[in-house]
Number of protein chains: 2
Amino acid sequence: MALNKKEDFSSKDQELASFAKALSHPARIAIIKLLAQQNSCICGEIVEVLPLAQSTVSQHLKELQMAGLVKGTIDGTKSCYCINWENLEKCIQEFTGILNTLDEQKTIACC
Amino acid sequence: MALNKKEDFSSKDQELASFAKALSHPARIAIIKLLAQQNSCICGEIVEVLPLAQSTVSQHLKELQMAGLVKGTIDGTKSCYCINWENLEKCIQEFTGILNTLDEQKTIACC
DNA sequence: TTTATTTATCGTATATTTACGATATTAAAT
DNA sequence: ATTTAATATCGTAAATATACGATAAATAAA
């Protein structure tokens with residue numbers, strides 16, 4: 001069991017779910033906020049701030065990167081992560097888009 | 001291992017992550033869309049539309065309900081699920097809020 | 001060249017999620 | 001009273017996610 005049925009849904013729904021999934025852990029929310037608030041890229045500083053081991057933070061960063069919400073560049077021994085604004089904006093638009101259009105139909109709800 | 005570290009993050013971040021998690025599966029995105037688009041509450045019709053077994057759909061509905069995005073009422077042998085607009089709006093606001101304020105800081109990104 | 005620093009990856013343990021069939025429950029229909 | 005219908009829950013299997021320590025890899029500093 002536990003067959004992968006996700007591909008049976010529309011690619012739009014899959015994409016939305018995938019963005020949501022990237023944001024579905026408080027550590028990743030915190031990382032996104034940190035990267036955006038900082039005036040410069042952050043690397044090992046994230047590890048200092050978060051209550052997680054270095055390897056775990058690295059894992060979360062990789063997930064954000066694979067979801068396309070963050071991009072990383074190597075700078076000497078250090079790694080520099082930044083928000084991928086192009087994709088984050090797409091994410092924002094898709095979410096606000098779907099949620100707002102749903103919100104317009106609010107009056108019809110029955111219970 | 002696999003200790004639960006989620007509680008070490010701010011309650012705001014936890015709440016956001018929890019909303020995101022509820023939307024992190026395409027089946028639940030599809031259910032939310034269905035419930036909003038339909039002029040009346042849907043119950044077993046969701047099962048007809050989704051490529052999943054009845055028990056699996058029921059499980060997803062329960063998750064949406066526990067996340068507060070959906071509410072259900074019993075109507076005879078049938079169950080009626082509706083969007084919980086109060087909470088969905090809160091969810092919308094939190095997401096657009098955080099994402100838009102992040103977006104305002106876009107110019108400072110370095111890579 | 002050796003050592004220290006930084007980060008990614010590997011291996012691994014545990015927890016959670018996803019999915020289904022089978023069954024229980026409840027109300028309607030016969 | 002029995003049967004049918006609709007849905008929730010239970011049990012369970014498999015997949016994923018979460019977390020860490022240990023280690024590898026690559027550059028910088030000594």
Side-chain angles (χ1 to χ4, degrees), chain A residues 1-9 13-14 17-31 34-35 40-67 70-82 111, chain B residues 1-9 13-14 17-31 34-35 40-67 70-82 111:
Chain A
M1 322 262 151
L3 306 163
N4 194 5
K5 294 271 185 154
K6 287 182 184 173
E7 288 167 10
D8 295 348
F9 293 87
D13 288 355
Q14 286 184 57
S18 150
F19 275 138
K21 192 175 180 185
L23 299 173
S24 74
H25 193 289
R28 294 193 290 270
I29 296 275
I31 289 172
L34 258 177
L35 290 180
S40 61
C41 292
I42 313 179
C43 346
E45 294 155 76
I46 302 174
V47 177
E48 305 262 308
V49 176
L50 297 190
L52 296 172
Q54 178 264 321
S55 56
T56 309
V57 172
S58 199
Q59 212 171 266
H60 281 303
L61 282 166
K62 195 182 177 187
E63 274 182 77
L64 285 170
Q65 201 172 16
M66 293 206 295
V70 148
K71 48 185 170 179
T73 52
I74 297 170
D75 178 26
T77 61
K78 301 190 178 181
S79 267
C80 173
Y81 284 98
C82 291
C111 59
Chain B
M1 321 263 149
L3 305 164
N4 194 4
K5 294 271 185 154
K6 287 181 184 173
E7 289 167 10
D8 295 348
F9 294 87
D13 288 356
Q14 285 183 57
S18 151
F19 275 137
K21 192 176 182 186
L23 299 173
S24 73
H25 193 288
R28 295 193 288 271
I29 296 274
I31 290 172
L34 258 177
L35 289 181
S40 62
C41 291
I42 314 178
C43 347
E45 292 156 78
I46 301 174
V47 177
E48 305 262 308
V49 175
L50 298 191
L52 296 171
Q54 178 266 321
S55 56
T56 308
V57 171
S58 199
Q59 211 171 268
H60 282 302
L61 281 166
K62 195 181 177 187
E63 274 182 78
L64 285 170
Q65 202 171 15
M66 294 207 294
V70 147
K71 48 185 170 179
T73 52
I74 297 171
D75 178 26
T77 62
K78 300 189 177 180
S79 267
C80 172
Y81 285 98
C82 291
C111 57

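Chain letters run A, B, ... following the sequence lines, proteins first, then strands; residues in each count from 1.
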Do any side-chain atoms of residues 51-63 of chain A form donor-acceptor pairs under 3.5 angstrom with protein atoms, and if so which ones, sequence neighbours left out?
| unit_1 | atom_1 | unit_2 | atom_2 | d |
| --- | --- | --- | --- | --- |
| A:His60 | ND1 | A:Arg28 | NH1 | 2.9 |
| A:Glu63 | OE1 | A:Arg28 | NH1 | 3.3 |
| A:Glu63 | OE2 | A:Arg28 | NH1 | 3.3 |

For a quick check, with a 4.0 angstrom heavy-atom cut-off, what is the B/S/- contact string for nucleotides 24-30 of chain C, read 5' to 3'? ---BS--
How many Å lie between [atom1] on [X] and [atom2] on [N], as a whole number?
X       : N      : atom1 : atom2 : value
B:Lys62 : C:dC20 : NZ    : C1'   : 16 Å
B:Leu61 : C:dT18 : CG    : P     : 13 Å
B:Gln14 : D:dT18 : CD    : P     : 14 Å
A:Leu64 : C:dA8  : CG    : C1'   : 16 Å
A:His25 : C:dT16 : NE2   : P     : 11 Å
B:Glu7  : C:dT16 : CD    : P     : 11 Å
A:Glu45 : C:dT6  : CD    : P     : 11 Å
B:Glu63 : D:dT9  : CD    : P     : 13 Å

Sorted by position of nearest nucleotide on DNA chain D, 5' first, the leading residue of A:Ala27 and A:Asn4 is A:Asn4
Mind listing the residues from residues 46-59 of chain A sitting with a heavy atom below 4.0 Å of DNA chain C? Number order is fine. A:Gln54, A:Ser55, A:Ser58
Contact between B:Phe19 and A:Leu23 at the side-chain level, heavy atoms closer than 4.5 Å - yes or no? no
Side chain to side chain contact (heavy atoms under 4.5 Å, CB included), that's the test. Do A:Leu35 and A:Ile46 meet it? Break it down for me. CA-CA 9 Å; A:Leu35 290 180; A:Ile46 302 174; 4.2 Å; yes
Does [X] put a side-chain nitrogen or oxygen below 4.0 Å from OP1 or OP2 of [N]?
X       : N      : result
B:Lys5  : D:dC20 : yes
A:Ser79 : C:dT6  : no
A:Lys78 : D:dA28 : no
A:Tyr81 : C:dA8  : yes

Rounded to the nearest 0.5 Å, how far does [atom2] of [Y] lie from [atom1] of [X]?
X       : Y       : atom1 : atom2 : value
B:Gln14 : B:Asp8  : CD    : CG    : 8.5 Å
A:Leu34 : A:Ile42 : CG    : CD1   : 4.5 Å
A:Ser24 : B:His25 : OG    : NE2   : 12.5 Å

Name all residues meeting the side chain to side chain contact (heavy atoms under 4.5 Å, CB included) criterion together with [X]; count only those two or more places apart in sequence or in a different chain, and write none if there are none.
X       : answer
B:Ser79 : B:Ile74, B:Tyr81
B:Glu48 : none
A:Lys78 : A:Cys43

